[in-house]
Amino acid sequence: MTSTHPDLTRNQSLVYTALTRAGSPLSAYTILDNLREEGLRAPLQVYRALDKLVEIGLVHRLESLNAFVACHHGHGEHDAAVFAICEQCGKVLELSDEATIHRLETLAKKADFAVAKTTIELRGRCAACAAAA
């Protein structure tokens, strides 16, 4: 189980591949449990890999879930991301809207605030769960 990204270490590749194959966000401990057979034994191995993957923009941390997802969109200078999280089934969609990101950057500039990272989490129900209700 390895990634095709050429600049990743073995542990980073294993963690990234686990996240890209997952159907939902994963906690660091779930990633560790899934990768024990691949030789990962310590939480620190997973956390170091996740830190680097987040830093280079391949993975996002979902603050409200304390979990991680692989990035599915290229992001700009501030690594802005918007996520729609279904509270019923757990599905997470990564949304990309340059107009929203630009508006947030404009607001920050007006407040003389230098944005380092933007993550917006929308919580509710996906279309399938809403239709089933």
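Every value quoted in this text rests on a predicted model; they were computed, and no experiment measured them. In this chain, numbering begins with 1 at the start of the sequence shown.
A pairwise comparison of heavy atoms in Q88 and C129 identifies OE1-CB, 3.6 Å as the closest pair. Heavy atoms only, all atoms of each residue included: Y16 and A70 are closest at CE1-CB, 4.2 Å. The shortest heavy-atom contact between C126 and C86 is N-SG, 3.3 Å. Across all non-hydrogen atoms, the minimal contact from A133 to R125 is CB-NH1, 2.9 Å. Closest of all the heavy-atom pairs between L50 and F68 is CD1-CE1, 3.6 Å. A pairwise comparison of heavy atoms in A67 and S27 identifies CB-N, 4.1 Å as the closest pair.
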Notebook entry, point to check: After noting the C-alpha distance and the side-chain angles of L14 and I31, does the key distance pass the side chain to side chain contact (heavy atoms under 4.5 Å, CB included) rule?
Noted result: CA-CA 9 Å; L14 289 169; I31 295 168; over 6 Å; no
- Query: Can you check side chain to side chain contact (heavy atoms under 4.5 Å, CB included) on D51 and E55, steps first, answer last?
  - Reply: CA-CA 6 Å; D51 286 346; E55 178 186 319; over 6 Å; no
Note to self: I'd like to know whether L95 forms a side chain to side chain contact (heavy atoms under 4.5 Å, CB included) with T100, so could you lay out the CA-CA distance, the side-chain angles of the two residues, the decisive distance to 0.1 Å, and finally the verdict.
What the structure shows: CA-CA 11 Å; L95 309 174; T100 299; over 6 Å; no
Please assess L8 against I56 for the test side chain to side chain contact (heavy atoms under 4.5 Å, CB included), listing each intermediate value before the final yes or no. CA-CA 10 Å; L8 299 180; I56 62 177; 3.7 Å; yes
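Between I120 atom CD1 and E63 atom CD the span is 13.0 Å, to the nearest 0.5 Å. Once rounded to the nearest 0.5 Å, the distance linking NE2 of H102 with CG of L107 reads 10.0 Å. To the nearest 0.5 angstrom, L58 atom CG is 10.0 Å from T20 atom OG1. To the nearest 0.5 angstrom, S13 atom OG is 11.0 Å from E38 atom CD. To the nearest 0.5 Å, atoms CG (L40) and CG (N11) are separated by 4.5 Å. The distance from the CZ atom of R61 to the CG atom of N66 is 4.5 Å, given to the nearest 0.5 Å.
Residue L65 shares its hydrophobic cluster (ILVMFWY side chains chained together at separations under 4.5 Å) with L62, V69, F83, I85, V92.
Partners of A108 under the side chain to side chain contact (heavy atoms under 4.5 Å, CB included) rule, at least two apart in sequence or in another chain, are F113, V115.
The main-chain N or O of K52 is never found under 3.5 Å from a side-chain atom of Q12 such that the two would form a donor-acceptor pair.
Side-chain heavy atoms closer than 4.5 Å link hydrophobic residues (I, L, V, M, F, W, Y) into clusters, and following such links, even through other members, never connects L44 to L26.
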